[in-house]
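When a ligand or atom number is given, it counts from 1 through the structure's own listing order.
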Amino acid sequence: MCGIIGYIGSQNKGVESVLNGLEHLEYRGYDSAGIAFISDDKLNIIKEKGRIADLRKSVEITSSNLAIGHTRWATHGEVNKVNAHPHHSGSVTIVHNGIIENYIELKEELIKKGYEFKSKTDTEVACALLDYLYQKTGDIKESISEFKKKAKGAYAIGLILDNDKDNLYAIKKNSPLIIGISKDEKFIASDVPAIIDYTNKYIILEDGDYAVLNKDSVTVFDNENNKVNRKPRTFEGDALSISKCGYDHFMQKEIYEEPEVIKKTALTDIPDISNYDRICIVACGSAMHTGLVGKSLIEKYGDIPVDVEIASEFRYKKLFLDNKTLVIAISQSGETADTLEAVKIAKKMGSDTLGIINVKESSIAREVDNRVYTLAGSEIAVATTKAYAAQLEVLSKIAYSLAKNSKDASKLKEIKDYLEDLQKLPIIMQEVLDNEEEYKKVAKEIYKHKDIFFIGRGIDYALAMEGSLKLKEISYIHSEAYAAGELKHGTISLIEEQTPVIGIVSDKLIADKTISNLKEVNSRGANVIYLTTNQIKGEGDFYSTKLVVPEVNPLLQPIINVIPLQLIAYHVAKYNKCDIDKPRNLAKSVTVE
Ligand code: AGP
């Protein structure tokens, strides 16, 4: 939700490292930002509403060996300078990612002890509590240990003390926090991209850990406050994988990386999951949409019932889970709070859990019993594209692995060349990408509309949901995805002259049904964009534009069909001059409930 970073070293690079790191973390939230640093033994705190670029303009002093910074996605308190981090109280300054759930009662206790508050944030309360404990004990480590007992919720905290310019402190619970290690510089950060320009060596803190960093060493203490060695890791990507490489936006670059991602993810192994009676997929947003595609494929070819649950709903409903149900958690970031909690609930109820995760060693990756990594690399654009495609691929591999044991030979015949088709898929994906101008033309036709509909049947309905979400989240145009056969039960009343309706028709067996739904909306004035395959005829004058993609193995068709939808959304947003990689109100990883 937010991004934090901290620096301690001897190269006087604290300010630049923190500002640069924040720029790499902006995808986690970007409504306000701030930096605190010690320079000439003086604490400086500078905060701005808006982007890191606005903050940069306000920072004059550049030399510091101790600095912390924060880019915010507001959870408590409106978006303004006062609520921006860092927050300071007494002798303590902190930046924080997460939510202190019991901040109201803590605030009341601290007000009785004489503390005053300027902001509406839970973070300022956390800061005051740490200061209160530090004033009481005179020992920051003891204060942190006490803080962990009193503060409930999720926090990744960077902390500096007014009177200690040689140490940087980090505290971690239920929000991601890593420590970057370089020769005589140490970093804390919410995610690896923040430090990649300085080091690819890092440590992942576990829940309950806190750490004391100075320029030469890092000491980590576990939940019981015992010194512990956390395994140093090496980030396999590089700065290049985090740059735009000449594309106008990360989102476009990441769409074009999809063939490569599919090639890499094809090599992942799928665990044997043939001994379960049922599968329950739990996820949020686009990850949940891939779950709906997975449901369609796994049920049809794997012959096993699949439920798909929105994680935030799953957590609060009556569940029918047991040791014969496999719970599959799908998450690009591996940090989505609701999905993480859903995994914990599933494990408590005796189900095995399998993660389909993009970020290695993320919280969900470490919580599930087993995991398959999508090898999509760092996905910087808030709107997921390449990770979504890789998730579809893993789900197709799961469906194929189950189909091989299926007794229904006719189904197996349909997908018998899956492995060979998967090898060829990247080339066919590139052919679809090469038609970008066609999708750009569609975008130019529809970008001024205020309502845009996506319809489909079966697996195409699941894709319609993703096409609609992509459009909404980056272009701010209202859009709805509808089961094609359901439209006439009410929503068709919204169809007006030239209302854009994007119809996805890729299943030969039900193509005629969806085409007749498209004719219904067309006869009421809709501007139909017809997305179909080269093996489905469906001629007639019910559409203004026909987009044709190659027909491939049914298990892989969704990976092809989604590309035009992603590029149409991208170009609609571009024509509308939206902030494509960092859409308003959004964040890449929703680490709060
Ligand atoms: C996708 O474009 C959105 N940014 C969002 O729906 C995302 O898919 C959802 O928040 C789940 O995130 P996760 O995959 O990291 O768990």
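Taking every non-hydrogen atom of T336 and a distance limit under 4.0 Å, the qualifying atoms of ligand 1 come out as 12 (O), 13 (P), 15 (O), 16 (O). The atoms of ligand 1 that sit less than 4.0 Å from any heavy atom of S286 are 1 (C), 2 (O), 6 (O), 8 (O). Interface atoms of ligand 1 facing V382, defined by a heavy-atom separation under 4.0 Å, are 2 (O), 4 (N). Contact atoms of ligand 1 toward S331: 13 (P), 14 (O), 15 (O), 16 (O) (distance under 4.0 Å to a heavy atom of the residue). If you number the atoms of ligand 1 from 1 as listed, the ones under 4.0 Å from a heavy atom of E473 come out as 1 (C), 2 (O), 3 (C), 4 (N). The atoms of ligand 1 that sit less than 4.0 Å from any heavy atom of A287 are 8 (O), 14 (O).
Contact of the I281 side chain with the L395 side chain is registered, since non-hydrogen atoms from C-beta on lie closer than 4.5 Å. Residues L177 and N97 are not in side-chain contact: their nearest non-hydrogen atoms beyond the backbone lie 4.5 Å or more apart. You'll find the side chain of I580 reaches within 4.5 Å of the side chain of K574, heavy atoms only.
A heavy-atom separation below 4.0 Å is not found between T339 and ligand 1.
The part of K470 lying near ligand 1 is the side chain, judged by heavy-atom distances below 4.0 Å. Under 4.0 angstrom from ligand 1, there are no non-hydrogen atoms of E335.
Aromatic ring centres of Y439 and H571: separated by at least 6.0 Å. A centroid separation of 6.0 Å or more is found between the aromatic rings of Y400 and Y301. For Y482 and F454, the ring centers sit 6.0 Å or farther from each other.
Nearest protein neighbour of atom 15 (O) of ligand 1, counting heavy atoms only, is S333 OG, 2.7 Å. Taking atom 10 (O) of ligand 1 as the reference point, the nearest protein heavy-atom neighbour is V590 CG2, 4.0 Å. Of the protein's heavy atoms, Q332 N, 2.7 Å lies nearest to atom 14 (O) of ligand 1. At the shortest separation from atom 9 (C) of ligand 1 among protein heavy atoms lies C284 O, 3.7 Å.
Salt bridge D207/K172: present, at least one basic N to carboxylate O contact under 4.0 Å.
In terms of polar-atom proximity, defined here as any N/O pair under 3.5 Å, Q391 makes no such contact with ligand 1. Of the N or O atoms in E466, none lie within a sub-3.5 Å distance of an N or O in ligand 1.
Distances from atom 6 (O) of ligand 1 to the heavy atoms of A383, S362, G285 show the closest one on G285.
Applying the ring pair (Phe, Tyr, Trp, His ring centres under 6.0 Å) rule to pairs touching residues 572-593 yields Y447-Y575, sequence neighbours excluded.
A perpendicular orientation is assigned to the rings of H478 and F453, their planes being inclined by more than 60° (bins at 30° and 60°).
For P550, the side-chain contact (heavy atoms from CB on, under 4.5 Å) partners at least two apart in sequence or on another chain are I428, E431, V432, N534, I560.
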